[in-house]
Chemist: 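The structure's right below; bear with me while I get my questions together.
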Number of protein chains: 2
Amino acid sequence: MKSHEIHLVKRPNGMPKDSDFALREVDLPEPAEGQALVRNLYLSIDPATRPRLTRGQELNSVVGGFALGRVLASRTPGLKEGDIVRAAYGYREAYVADAKHLGKVDADPKLPLTVYMHVLGGAGFVAYGGLLDIGKMKSGEQVFVSTAAGSVGSLACQIAKLKGCHVIGSTGSADKVAWLHGIGIDTVVNYKEEPIRAALDRVATKGIDVYFDNVGGDHLEAALAKMNPLGRVAVCGMISTYNDQQIGVRNLSSIIYGRINIRGFVAPDFMQLMPQFTEEMTGWLKDGAVKYRETIFEGIENAPKALIGLLNGANTGKTLVKL
Amino acid sequence: MKSHEIHLVKRPNGMPKDSDFALREVDLPEPAEGQALVRNLYLSIDPATRPRLTRGQELNSVVGGFALGRVLASRTPGLKEGDIVRAAYGYREAYVADAKHLGKVDADPKLPLTVYMHVLGGAGFVAYGGLLDIGKMKSGEQVFVSTAAGSVGSLACQIAKLKGCHVIGSTGSADKVAWLHGIGIDTVVNYKEEPIRAALDRVATKGIDVYFDNVGGDHLEAALAKMNPLGRVAVCGMISTYNDQQIGVRNLSSIIYGRINIRGFVAPDFMQLMPQFTEEMTGWLKDGAVKYRETIFEGIENAPKALIGLLNGANTGKTLVKL
């Protein structure tokens, strides 16, 4: 069987370009004992891919990332044809993998399949664990979320609201501001219309107890200037630094008297929360308490465009590529 | 009774100058009921004073700071003439204060009085609690301490050694390097002879589990580049940023995959450790297991010089002014 995949052929200098990538056709082997053949349905396009393009990702190999796929053929007892699986096999149409690398998804038939790539997948889980476990968020606190209209950010905003907090979100377009107001976020600032530091000075009148950081750089500086004593910064991402490593944070000394905690994290830090997260988030989705948007590109050849659109802020909500 | 005190008369631009301060003579009132009159013996000169000169400290008022003094007259039952007290009444020869602001010191007669201003005072306590409580330091870990020959830094280095860790210290002169080697610090780097980032690359071959930060800026950047996963940065001070707020930290995004915790702290965060600290440190001092150096200026009029010498690295060990 043939498959197409996206390879990195040139390390991007700043924002990635289409020409940094190439579409390659490959022949897939037959699955061996203990393996399965998977046809991907949706690729997840994530900001964290960007730093790996500079360091970590090999040239002339497939770009890494998660995808949701359907089993076409199985030689492992745990999986059968038609099963839905989630795996980190990168930007490919299809692949053969050992069963241990394939996470079977028990998709609720009342929910669209794509939510298992974001609201009920990694994006939702890092928002949930980032706030509750890393950020030690408590009801009634002041919460600030950057890239608030993004896949992770919009879920962080909504989880914080559902848990009884006052939420400030920052985003970069009037459309995103309007959408965030529409889903009930208390205060939304547009960092492209007003410097983020001035905006937070204006709106964060009760300070910030928890900053869920997806941006770093100027947003982190602005948040540090408003943190309440014993505040927590849960660092999920620093998209501002991915294309340009020169953005420095100059007011870190404010964490001393503020006794601020800044913690970088990844989802494995709080895997113990997974059952609780899945149950709570499935309920919120079915009740309509959690909203989301998706930007869906079609065809493996458009995966680089999808990534570039994500990095330059053109996409709204979760970015996916439908295959 | 007359007293002399040092007032801030001009906010320093960068490194403070003698002319930013003035010596003023004042008349002290008689102590009222519940008060005591205290004659200071030693002023503690601390880096944390510098940022307050820019913001927080009023102009034409006494420069804040801790001192150790002797009670000359008391109208409070808890204190009597001759008692030794520690208080935060700033750069003054003498003062009258409410008893609740005076901390009685039960000085061990076998130890010099000055140790209650550093090894058994705030410097020792922040080193101890910063490593054990904030830094969660465990035996066998790799520990990096900046301003390693300073009052706090040299105690942090020695506590980490006594607790079974491998210790790297950074300092800025050959004399300080030699002294740190002499007291048994495993590896000492001179950041004035080799950029700190290159130095840590060379010597931190097992990475860093706990960074006790007194410097911020380039030292924090260099440490972040070498932190082991789940490493902790306990931020006690950021002396590099006190005179120049423009030093930014550009590699903060490394904390995400490293799951690094950066925590600013002050001594009240771990007051529960005080009895344990006092007992353990008194024992170490009496055994000769903990060494220290002091730079002692004489006379209230030299307090600004003492502070400037501390900030430009000219002093060694704890800086005090003897009155």
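Just the heavy atoms: all of them, side chains too, but no hydrogens, waters or symmetry mates, feed the values below. All chains are named by letter (A, B, ...) in the order of the sequence lines, taking the proteins before the strands, and each is independently numbered beginning at 1. As the structure is a prediction and not an experimental result, all values here were calculated from the model.
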Chemist: With sequence neighbours left out, write down each residue that passes salt bridge (Lys or Arg N to Asp or Glu O under 4.0 Å) with B:Lys138, or none if nothing qualifies.
Modeler: B:Glu141

Chemist: So which residues of residues 219-233 of chain B are in contact with chain A at a heavy-atom cut-off of under 4.5 Å?
Modeler: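 Counting heavy atoms that sit under 4.5 Å from chain A, the residues of residues 219-233 of chain B involved are B:Leu220, B:Leu230.
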
Chemist: Report yes if some heavy atom in the side chain of A:Val235 is under 4.5 Å from a heavy atom in the side chain of B:Leu252; otherwise report no.
Modeler: no

Chemist: Could I get the full list of salt bridge (Lys or Arg N to Asp or Glu O under 4.0 Å) partners for A:Arg202, not counting sequence neighbours?
Modeler: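 If we apply the salt bridge (Lys or Arg N to Asp or Glu O under 4.0 Å) test to A:Arg202, skipping adjacent residues, the hits are A:Glu194.
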
Chemist: Do other residues, nucleotides or ligands put more than 12 heavy atoms under 6.0 Å from the CZ atom of A:Phe66?
Modeler: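 No.
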
Chemist: Please report, to 0.1 Å, the donor-acceptor pairs under 3.5 Å made by any side chain of residues 264-275 of chain B, with sequence neighbours excluded.
Modeler:
{"residue": "B:Asp269", "atom": "OD1", "partner": "A:Arg259", "partner atom": "NE", "Å": "2.5"}
{"residue": "B:Asp269", "atom": "OD1", "partner": "A:Arg259", "partner atom": "NH2", "Å": "2.9"}
{"residue": "B:Asp269", "atom": "OD2", "partner": "B:Arg263", "partner atom": "NH1", "Å": "3.1"}
{"residue": "B:Asp269", "atom": "OD2", "partner": "B:Val266", "partner atom": "N", "Å": "3.2"}

